[in-house]
Every structure is written in C-alpha cells, then in structure tokens.
There are 2 protein chains.
Amino acid sequence: MSTEYTNPLFTVDSVLFTVKNGQLMVLLVKRAQAPFTGDWALPGGFIDVQQDKNTDATASRKLEAKTGLKPAYLEQLQVISGPDRDPRGFSVTLAYFALVAWQDVSPQISSVESASWIAVNDLKKTNLAFDHLQIIQMAKQRLQQKTLYSMTPVFCLPGQFTIAQLKTVIEAIIEKPIQRKSLMRRIEASGIFEISEEKIPSGGRMAQLYTLKPGADLVNFERNLSL
Amino acid sequence: MSTEYTNPLFTVDSVLFTVKNGQLMVLLVKRAQAPFTGDWALPGGFIDVQQDKNTDATASRKLEAKTGLKPAYLEQLQVISGPDRDPRGFSVTLAYFALVAWQDVSPQISSVESASWIAVNDLKKTNLAFDHLQIIQMAKQRLQQKTLYSMTPVFCLPGQFTIAQLKTVIEAIIEKPIQRKSLMRRIEASGIFEISEEKIPSGGRMAQLYTLKPGADLVNFERNLSL
DNA sequence: GCATATTAGTGTCCCTGTGACACTATGTCA
DNA sequence: TGACATAGTGTCACAGGGACACTAATATGC
C-alpha cells in the first residue's frame with residue numbers, strides 16, 4: 001500500500017452484568033476526565049500490549065481492577081466504530097459482555113468509590129457517556145437470546161446454587177416467568193451439572209445444591225424457551 | 001491516563017463464502033508483500049477513516065474491490081488479537097463473514113488475477129497466511145450454526161431462487177442432507193419470502209421461484225434443524 | 001404432636017415443529 | 001403415450017417445552 005493510514009483510537013469496553021434481587025444490573029464507572037466528565041460509562045480502556053496476551057485479557061484485567069475478581073463468563077459482543085461516537089475523532093471500540101455472581105463481588109465492590117451497579121431498567125434516568133446505552137442494550141439482547149438456548153445464566157450464580165436461584169436469575173434476564181419443570185429437564189439433559197452433597201433450607205423442603213461439572217463446556221439446546 | 005499506549009495494528013479481514021456446485025467456497029487473495037508473500041490470505045486491509053463510516057464499510061469496500069459487488073450478507077465474526085499472530089508485532093484483526101451468490105460474482109471474478117475461490121474442504125493443501133485458516137474455520141462454524149436456525153443461506157443465491165437451489169446450498173453448508181418438506185415448512189413459517197410470478201424448468205415439473213420480501217429481516221426459528 | 005403453610009421435586013398430558021417417507025402433480029423426452 | 005424426473009402434499013411418529021396437578025419434606029403455630 002502506498003497510502004498512509006491514520007490509526008483510529010482502539011478501546012476495549014465491557015458490559016458486566018449480574019442479577020441482584022431479581023433485577024439485572026450492570027457495572028458502570030464514573031468518568032473522571034473529558035469527554036463526558038462525570039457521566040457513567042462502561043469499564044474499559046486501552047490494550048496494554050506488554051501485559052495483555054489479547055483483547056480478552058484486556059477486558060478481564062479492567063474488570064478485575066473494578067470488581068476484585070475475574071468475570072465468570074466473558075464473551076465478545078461487537079465492535080462499534082465511527083467518526084462521530086467520540087468527539088476526539090474516529091474511534092473503534094470492542095465491546096465485551098461478561099457475567100459474575102452478585103454474591104462473589106458484593107464484598108469487594110463497596111470498597112471502590114467510582115464504580116457502581118445500576119439496574120438495566122433504570123438506565124433512562126442515568127447519564128451515559130458515548131453510545132454506551134446502546135451497547136448495554138445490545139449486550140442485554142444477546143444475553144436474553146443466549147438464555148433461551150443455553151445455561152449461560154449460571155455464571156450469575158456462585159459455585160453452588162439451587163434450581164430456584166437459577167430460575168430467578170433466568171426470569172430476571174428474559175423478563176418472563178419460566179416453568180420449574182422445564183428448567184429441571186434442561187439441567188438434566190445438558191449433562192453439565194452435578195448434584196452436590198449438600199442441601200440448604202429454603203423455607204420449605206430442603207433444596208438440592210448443584211454445581212457445574214469442572215471443565216464442562218456450555219451446551220446449546222436445540223429448542224428455545226418460548227418468549 | 002498517564003501512561004502512553006502503543007496503538008497496535010488494526011485490520012479488517014473478511015471471510016467471503018459462496019456455494020458453487022454444492023461446495024462451500026471461500027474467496028482468497030494472493031499476498032504480494034511480506035510477510036507471507038505468495039501465500040493466500042483473506043481479503044482485507046486498514047480502515048480508511050476519511051472514507052469508511054465504520055468497519056462494516058471497510059469490509060464491504062474491500063470485498064467490492066475484489067468481487068465487483070457488495071456482499072449480500074455481512075456480519076461481524078470476531079476480533080482476533082495477540083502478539084504473535086503477525087511477525088511485525090502485536091496485531092488486532094476484526095474478522096467479518098460474508099455471503100454472495102455465485103451467479104452474481106461469477107462474471108466479475110475471473111477478471112481479477114490475484115483473487116480466487118477455493119473450496120473450504122480443500123484448504124489443507126493451501127498455504128494460508130497468518131492464522132487465516134483458523135478464522136475461516138470459525139466463520140464456517142458460525143455459518144453452519146446460523147443455518148440450523150435461520151435462512152441466512154439465501155444470501156448465497158440470486159434474487160430469485162427455487163427450493164431445490166436453497167436445499168443444495170444448505171446441504172453444502174451443513175454437510176448433511178435435509179428434508180425438502182422441512183425446508184418448505186420453514187419458508188412458509190418465516191413469512192419473509194414471496195412466491196414469484198415465474199416458474200422455471202428443472203428437468204421435471206416446473207419449479208416455483210421465490211424472492212425475499214423487500215426489506216424483510218431474517219427470522220430466527222425456535223428449533224434447530226437436527227445434525 | 002398435629003394441622004397448615006411453604007417450597008422442592010415428579011407425573012403426565014397437550015402442543016408444536018422436525019424427520020421420514022409415501023403419494024400426487026406436472027413437466028421432458030424417447 | 002408411457003417412462004422418468006423433479007416439484008410439491010399428506011400424514012404419522014417423535015422429541016421437548018408449557019401447563020398444571022400431585023407428592024415430598026421442612027418450618028411454624030397451636
């Protein structure tokens with residue numbers, strides 16, 4: 001090539017979800033510098049080519065800095081690019097979406113002042129930097145879709161969990177009730193869960209605890225849950 | 001931020017598929033310069049921030065330069081990044097996957113010397129630059145998956161097509177036979193196709209031609225075709 | 001101890017959409 | 001005109017989700 005290209009600004013941002021009290025929450029940080037100073041934004045930043053083996057590592061590192069732990073689930077969402085999304089010029093952002101258990105981050109997060117969990121359905125009231133609102137909506141849609149044909153939402157739960165907990169998380173994500181029975185069938189059929197030794201009290205009959213089989217990959221079901 | 005980051009090389013590459021004679025083909029170009037001079041590679045290049053409104057435009061522009069037309073279908077595949085995939089240093093590549101009708105590009109492609117269609121199942125015999133073989137395999141898997149729950153493969157066909165043609169394309173992609181009946185049911189159920197006025201001879205009874213309804217979006221089915 | 005409320009887990013029927021495959025329809029060609 | 005080839009239909013079996021009633025086990029109040 002004979003022409004010289006100006007390399008656009010490349011950043012990695014993450015939409016980290018969790019479910020708290022039946023509500024889907026997203027982690028946001030308060031911007032300290034321009035542009036959009038004082039607005040809420042997705043946690044992210046630049047690749048550190050010395051330290052990060054790839055962009056996944058960048059996303060993971062940035063999230064760990066805010067939450068104190070690596071996300072349980074991390075997946076590329078999409079690249080968003082254009083001349084107008086950042087006032088400083090043409091920008092390219094790789095967006096990730098990620099999941100953690102509320103119970104796992106809960107002790108850590110309060111220590112960080114500039115980061116906060118905000119309910120996804122309350123975002124209208126929030127000032128969001130750049131096009132981060134749209135990115136969050138895209139991430140939510142992807143998560144909803146995946147929830148219909150996979151067990152991805154388990155990553156919003158701690159290592160041991162009950163069917164009722166998983167049901168709550170799924171319902172928070174897709175915003176529809178599902179059948180307990182259907183969920184149990186899928187847990188059984190997926191073959192990626194183990195029945196734990198323990199049961200825990202639940203207000204009625206003791207609830208069986210489940211764990212993900214170590215090293216098991218998520219399975220995609222051939223049918224979706226109905227909307 | 002106080003630290004200065006070295007901006008890694010950012011490129012956009014596309015895996016453009018078509019189906020010819022029941023075989024899934026991918027468009028490759030011969031590299032003229034180092035590294036990997038003389039090897040086959042995915043068509044791609046750098047964003048032109050003056051000209052491209054986003055990375056989709058970059059991918060589309062590069063493909064048009066090779067094939068003479070914009071791809072009928074274009075979707076982001078994934079970002080691949082790392083310090084070792086390009087000998088010149090840390091690199092970030094946004095891979096797209098795209099579809100065109102063989103019938104549409106056929107007249108154009110022969111005029112371009114440096115580009116060529118190669119059967120995806122023959123790639124072992126081909127010297128491929130960088131990690132482009134893995135990227136093609138990823139694209140193929142994604143296309144196969146989408147074929148199970150959507151009508152994406154229509155974009156490998158011209159504006160008017162028969163059910164038999166669509167069946168051939170689908171079978172080339174997933175490498176399994178499917179039932180004619182199932183395909184017809186899905187065409188009907190999707191609601192995105194129109195019965196054309198015309199029929200064309202086929203060696204037996206005349207075949208009904210179908211077209212995509214103008215402006216219709218692809219639908220996702222709730223069940224997959226079985227593997 | 002016993003009834004009742006509460007949550008966990010099971011049994012079972014219906015419904016929908018795919019797989020399979022035979023059957024009918026309509027064209028070509030010898 | 002009859003053989004053949006491809007297009008399109010009818011229909012049954014099967015699988016898995018939706019719905020929902022039923023049983024199981026635990027807590028609480030009397």
Side-chain angles (χ1 to χ4, degrees), chain A residues 22 144-151 153 157 160-171 174-211 219-227, chain B residues 22 144-151 153 157 160-171 174-211 219-227:
Chain A
Q144 286 178 330
Q145 198 54 36
K146 283 192 101 88
T147 301
L148 298 180
Y149 63 80
S150 78
M151 286 298 187
L157 291 170
Q160 293 200 123
F161 56 90
T162 66
I163 290 182
Q165 286 177 308
L166 184 52
K167 178 166 178 283
T168 302
V169 167
I170 291 174
E171 290 177 337
I174 64 176
E175 297 171 336
K176 293 266 171 186
I178 62 166
Q179 297 279 330
R180 242 173 36 242
K181 180 75 189 198
S182 298
L183 180 53
M184 296 185 71
R185 280 190 287 229
R186 285 172 92 123
I187 287 179
E188 168 75 25
S190 70
I192 59 171
F193 296 104
E194 252 167 11
I195 297 181
S196 166
E197 325 266 273
E198 296 170 66
K199 301 190 183 206
I200 56 166
S202 67
R205 177 173 170 173
M206 302 273 275
Q208 181 63 58
L209 282 171
Y210 288 79
T211 56
V219 190
N220 291 342
F221 301 102
E222 293 205 344
R223 304 192 190 178
N224 282 4
L225 297 173
S226 60
L227 279 180
Chain B
Q144 287 178 330
Q145 197 55 38
K146 283 191 101 90
T147 301
L148 298 180
Y149 64 78
S150 79
M151 286 298 187
L157 291 171
Q160 293 199 123
F161 56 90
T162 67
I163 291 182
Q165 286 177 309
L166 184 51
K167 177 166 180 283
T168 303
V169 167
I170 290 173
E171 290 176 338
I174 65 175
E175 297 171 338
K176 294 267 171 186
I178 63 166
Q179 296 280 330
R180 241 174 38 242
K181 180 76 189 196
S182 298
L183 179 53
M184 297 186 68
R185 279 190 288 230
R186 285 173 93 125
I187 287 178
E188 167 74 25
S190 69
I192 59 172
F193 297 104
E194 251 168 12
I195 298 181
S196 166
E197 324 267 275
E198 296 170 67
K199 303 190 182 207
I200 55 166
S202 66
R205 177 173 170 174
M206 303 274 276
Q208 180 62 60
L209 283 170
Y210 288 80
T211 55
V219 189
N220 292 341
F221 300 103
E222 293 205 343
R223 303 191 189 177
N224 282 5
L225 297 174
S226 61
L227 282 179

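Throughout, protein chains are lettered first and strands after them, A, B, ... in sequence-line order, and every chain is numbered starting at 1.
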> Can you tell me how far CE of A:Met151 sits from CG of A:Asn220, rounded to the nearest 0.5 angstrom?
Replying inline: 11.5 Å
> Looking at OG1 of A:Thr162 and CG of A:Leu157, how far apart are the two atoms once the value is rounded to the nearest 0.5 Å?
Replying inline: 8.0 Å
Minimum-distance pair of heavy atoms, taken over all atoms of [X] and [Y]:
{"X": "B:Asn224", "Y": "B:Tyr149", "value": "OD1-CB, 3.4 Å"}
{"X": "B:Val219", "Y": "B:Ser190", "value": "CG2-O, 3.6 Å"}
{"X": "B:Thr147", "Y": "B:Leu225", "value": "O-CD1, 4.1 Å"}
{"X": "A:Gly22", "Y": "A:Thr168", "value": "CA-CG2, 4.3 Å"}

> First and last nucleotide of DNA chain C in contact with chain B, 5' to 3', at under 4.0 Å to a heavy atom: what are they?
Replying inline: C:dT16 to C:dG27
>> Which residues pass the side-chain hydrogen bond (donor to acceptor under 3.5 Å, both in side chains) test with A:Ser226, not counting sequence neighbours?
In response: none
Length of the [atom1]-[atom2] vector between [X] and [N], whole Å:
{"X": "B:Gln208", "N": "D:dT6", "atom1": "CD", "atom2": "C1'", "result": "14 Å"}
{"X": "B:Arg180", "N": "D:dA5", "atom1": "CZ", "atom2": "C1'", "result": "11 Å"}
{"X": "B:Ile195", "N": "D:dG8", "atom1": "CD1", "atom2": "C1'", "result": "11 Å"}
{"X": "A:Lys181", "N": "D:dG17", "atom1": "NZ", "atom2": "P", "result": "12 Å"}

> When every nucleotide of nucleotides 24-30 of chain D is labelled 5' to 3' by its protein contacts under 4.0 Å (heavy atoms), B for base, S for sugar-phosphate only, - for none, what sequence of letters results?
Replying inline: BBB----
> B:Gln160 and B:Ser196: side-chain donor and acceptor closer than 3.5 Å?
Replying inline: yes
> Listed in order of residue number, which residues of residues 219-227 of chain A have a non-hydrogen atom at under 4.0 Å from DNA chain D?
Replying inline: A:Arg223, A:Leu225, A:Ser226
>> For A:Tyr210, is there any backbone N or O sitting under 3.5 Å from a side-chain donor or acceptor partner on A:Glu194?
In response: no
>> Any residue in residues 182-190 of chain A with a heavy atom nearer than 4.0 angstrom to DNA chain C? Just list them by number, or reply none.
In response: A:Met184, A:Arg185
With a 4.5 Å heavy-atom cut-off, do [X] and [Y] have their side chains touching?
{"X": "B:Lys167", "Y": "B:Ile178", "value": "yes"}
{"X": "B:Leu166", "Y": "B:Ile187", "value": "yes"}
{"X": "A:Gln208", "Y": "A:Ile163", "value": "no"}

> For D:dG17, does either OP1 or OP2 sit under 4.0 Å from a side-chain N or O belonging to A:Gln179?
Replying inline: no
What pairs of donor and acceptor atoms, side-chain ones from residues 179-186 of chain B against any protein atom, are under 3.5 angstrom apart with sequence neighbours left out?
| residue | atom | partner | partner atom | Å |
| --- | --- | --- | --- | --- |
| B:Arg186 | NH2 | B:Leu148 | O | 2.9 |
| B:Arg186 | NH2 | B:Arg223 | O | 3.3 |

